[in-house]
*Asks:* 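Shown below is the structure under consideration.
The chain is numbered in sequence order, starting from 1.
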Amino acid sequence: MPQNLPERPHFFARHRALLEQAVAATASRGHWTPYPESPSRSVYGEDAAKAGEAAFHERLGGHFELPGHPASGTTSATETSPYGFPLGVTYPRLAPDEAVAAARAATGPWRAAGPDARAGVAAEILARLNAASFEIAHAVQHTTGQAFVMAFQAGGPHAQDRGLEAVAYAWAEQKRHPGAARWSKPQRKGGPLLMDKKFTPVGRGVALLIACNTFPTWNGYPGLFASLVTGNPVVVKPHPGAVLPLAITVRIAREVLTEAGFDPNVVILAAEESGERTAAAYALHPDVRIIDFTGSTAFGDWLETHARQAAVYTEKAGLNTVVLDSTDDYRGLLGNLAFSLSLYSGQMCTTPQNLLVPREGFATDQGVKTADEFAVDLGAALDKLLGDPARAAGTLGAIVNDGVRERLEEAAGLGRTVRASAPVEHPEHPDAVVRTPLVARLDADADREIYTREWFGPISFVIGTDSTEHGLRIFRETVRAHGALTAAVHSTDEDVLAATELAALDAGVHLSENLTGGVFVNQSAAFSDFHGSAANPAASATLSDPAFVTGRFATLQSRRPATAEEHTEESADA
């Protein structure tokens, strides 16, 4: 090991048991989390909630300081809370060439530290992020529009789970091979051929994280931590509307890196002006060798096509589909679907859009329900769920941007509405834009051009089909062509469930069956559920699996002849 490296074993020793548990959890796939999801005083401390809220409010209207961070200027304030007020926060600003150069210059000692040290630093970063969960929750709430409890859970502990999951895969895959080996090949005459060999995991280079507006931490942490642990510095490029959650993350990461004796520029914040669109410039930089992206299909496809020098991991969008064949719990089905459509106003990449229902009806415990009747009943279930404004606001959150509002207006203009989207007055934030889901009734044959397009937001279509078989054919064809991140089926017939599983395998999408209780199709649990699939066009990666980390590093070897004396000494010691 080079002599100039500082001593830094303490973080790995502190977190080794956690890392080993995390690796075991990826293999067992059962429920496991080290980060409690309840924003409870008994869990996080009596003063944690107040301190986190105060820390958030102290950020407003000021400049976000990142000690030692390179900068050639300051951004303007680009974030406005969907709940009706500007955040007014500015950030260090630097050009893409400056950011990449600073990150690249920090690479050497980070690469030389090895998988154990890097995993220990990553685990310490996650521990401190967990301690800052309340501050991060307020930052997520007021940049994404998520309701507070969801912002706490999805933006805090659940995102941390996904980050640790990536750490576990990255750490385990780098340790799959030994660090050193003695190679001995017997010869017919004389002693064996002896070689000493070393094997070193080496990162690809600078990683670029292009984060989204709606789930900046949940979608951002897997790529961030997978790249870090595999030895790559990371440039974090937030969406201009959701910078603060990742700025807090970068600040904590840089603090830990500094304490561990590394250059904090192993993690760089690349904030930009609204409309500046630096992501493309970063993505084509020759020193950017890894890209993680969550966002639109158009830009994700562009990255996959043009950023040829990099390993590109995308999560885009698709046509999340539900096939309805039969149920013995119609009330539970409606309640579960209504919540799935309402959660965060449908602004999730996993929210169902296309509900495929036989026109003439499907069997339920309340009799046969036609597609028209089901659409009306689903609207009534939404009315029941969202009837109380306070409860509705806690489920819906706020509309994140103008694009979602414009799609709602366009969907209303189709003239097929069964249940109209309606405004909800938020009890705490009167300027928040809150809308309930719109449900429209379409036909599988006549309206194909409508439902084969993604309508991100609180918009879903009840699509009448000739039969369940017809619906399965549409499901398979549309997901294979356009992608999906989730799929679901309701049936009491094992043959139909088997046929749907086969269709999902053909289409390359994860499937949920007969969800009527407290598990919802648009939620996934780290260490158990796989999220996304490179098997269909909606994504090029899965959060998380070995393929998500192995492309971020190469195992390089060095070798030298070993002397017979060394071999003899080794044999005597043994």
Side-chain angles (χ1 to χ4, degrees), residues 6 8-23 33-36 44 52 55 64 66-69 103 106-107 109-111 113-137 139-140 155-171 174 203 207 209 211 216-236 238 244-270 290 292 526 543-544 549 552:
R8 36 184 177 264
H10 55 296
F11 287 145
F12 178 68
R14 180 183 301 174
H15 298 293
R16 181 169 189 164
L18 173 72
L19 293 168
E20 290 171 347
Q21 285 180 290
V23 171
T33 174
Y35 308 120
Y44 285 92
F64 193 98
L66 286 170
H69 195 282
T107 300
W110 184 242
R111 176 179 61 204
D116 287 352
R118 292 194 295 263
V121 168
E124 179 67 17
I125 294 170
L126 285 163
R128 298 191 193 185
L129 288 171
N130 182 248
S133 290
F134 282 96
E135 180 187 3
I136 292 171
V140 169
H158 293 175
Q160 296 149 19
D161 282 338
R162 283 295 185 193
L164 182 59
E165 182 182 43
V167 171
Y169 276 110
W171 183 54
Q174 289 176 97
L209 169 61
T217 57
W218 197 97
N219 281 111
Y221 284 2
L224 170 65
F225 286 100
S227 288
L228 283 177
V229 177
T230 50
N232 307 283
V234 183
V235 176
V236 178
L244 187 55
L246 289 174
I248 295 169
T249 301
V250 169
R251 175 180 59 80
I252 290 173
R254 290 174 64 86
E255 289 173 355
V256 175
L257 286 161
T258 300
E259 289 179 28
F262 295 103
D263 187 336
N265 289 338
V266 167
V267 180
I268 295 283
L269 181 70
I290 301 165
D292 287 279
L543 306 180
S544 288
V549 301
R552 298 171 193 264

*Asks:* Working to the nearest 0.5 Å, report the span between CD1 of I268 and CG of D263.
*Replies:* 7.5 Å
*Asks:* Let me confirm one number: the NE2-OG1 distance from H158 to T33, rounded to the nearest 0.5 Å.
*Replies:* 7.0 Å
*Asks:* Restricting to non-hydrogen atoms, name the atom on P238 and the atom on L269 that form the minimum distance, rounded to 0.1 Å.
*Replies:* CG-CD1, 3.6 Å
*Asks:* Could you give me the CA-CA distance, side-chain angles and deciding distance for V140 and W218, then say whether side-chain contact (heavy atoms from CB on, under 4.5 Å) is met?
*Replies:* CA-CA 10 Å; V140 169; W218 197 97; over 6 Å; no
*Asks:* I'd like to know if the side chain of R162 reaches the main chain of N219, judged simply by a donor and an acceptor atom lying under 3.5 Å from each other, with no hydrogens or angles considered.
*Replies:* no
*Asks:* Going by heavy atoms in the side chains, are Q174 and T230 under 4.5 Å from each other?
*Replies:* yes
*Asks:* Have N130 and Y44 got a donor and an acceptor in their side chains that come within less than 3.5 Å?
*Replies:* yes
*Asks:* So which of L209, L246, T249 actually passes side chain to side chain contact (heavy atoms under 4.5 Å, CB included) with P216?
*Replies:* L246
*Asks:* Taking side chain as C-beta onward, heavy atoms only, is D161 less than 4.5 Å from P34?
*Replies:* yes
*Asks:* So, do V167 and R118 sit near enough that their side-chain heavy atoms are less than 4.5 Å apart?
*Replies:* no
*Asks:* Tell me, do L129 and T217 make a side-chain contact under 4.5 Å, heavy atoms counted?
*Replies:* no
*Asks:* Which heavy atom of G120 sits nearest to which heavy atom of F11, and what is that distance?
*Replies:* O-CB, 3.5 Å
*Asks:* Please report the closest heavy-atom contact between P222 and S544, naming both atoms and the distance.
*Replies:* CB-OG, 4.3 Å
*Asks:* For a 4.5 angstrom cut-off between non-hydrogen side-chain atoms, does V266 reach R254?
*Replies:* no
*Asks:* Can you find a pair of side-chain heavy atoms, one from R552 and one from D292, that are under 4.5 Å apart?
*Replies:* yes
*Asks:* For residues L543 and E165, report the shortest heavy-atom separation together with the two atoms involved.
*Replies:* C-OE1, 4.1 Å
*Asks:* Begin with the C-alpha distance, continue with both residues' side-chain angles, and end with the deciding distance and a verdict on side-chain contact (heavy atoms from CB on, under 4.5 Å) for V229 and Y169.
*Replies:* CA-CA 9 Å; V229 177; Y169 276 110; over 6 Å; no
*Asks:* Hey, could you give me the CD/CZ distance between E124 and R128, rounded to the nearest 0.5 Å?
*Replies:* 4.0 Å
*Asks:* Can you give me the closest heavy-atom contact between N265 and G68, atom names plus distance?
*Replies:* OD1-O, 4.1 Å
*Asks:* Check the pair E135 / R251 against salt bridge (Lys or Arg N to Asp or Glu O under 4.0 Å), numbers first and verdict last.
*Replies:* CA-CA 13 Å; E135 180 187 3; R251 175 180 59 80; 3.8 Å; yes
*Asks:* Of the non-hydrogen atoms in A207 and N232, which two are nearest, and what is the gap between them?
*Replies:* CB-CB, 4.4 Å
*Asks:* Any side-chain heavy-atom pair from Y221 and I125 closer than 4.5 angstrom?
*Replies:* no
*Asks:* Short question: side chain of W171, backbone of E20 - any donor-acceptor pair under 3.5 Å?
*Replies:* no
*Asks:* With side-chain contact (heavy atoms from CB on, under 4.5 Å) as the criterion, how do F262 and V256 come out once you've worked through the C-alpha distance, each side chain's angles and the decisive distance to 0.1 Å?
*Replies:* CA-CA 9 Å; F262 295 103; V256 175; over 6 Å; no
*Asks:* Given side chains that start at C-beta, do those of F12 and L19 come closer than 4.5 Å, heavy atoms only?
*Replies:* yes
*Asks:* What is the distance from atom CG of L126 to atom OH of Y35, rounded to the nearest 0.5 Å?
*Replies:* 4.0 Å
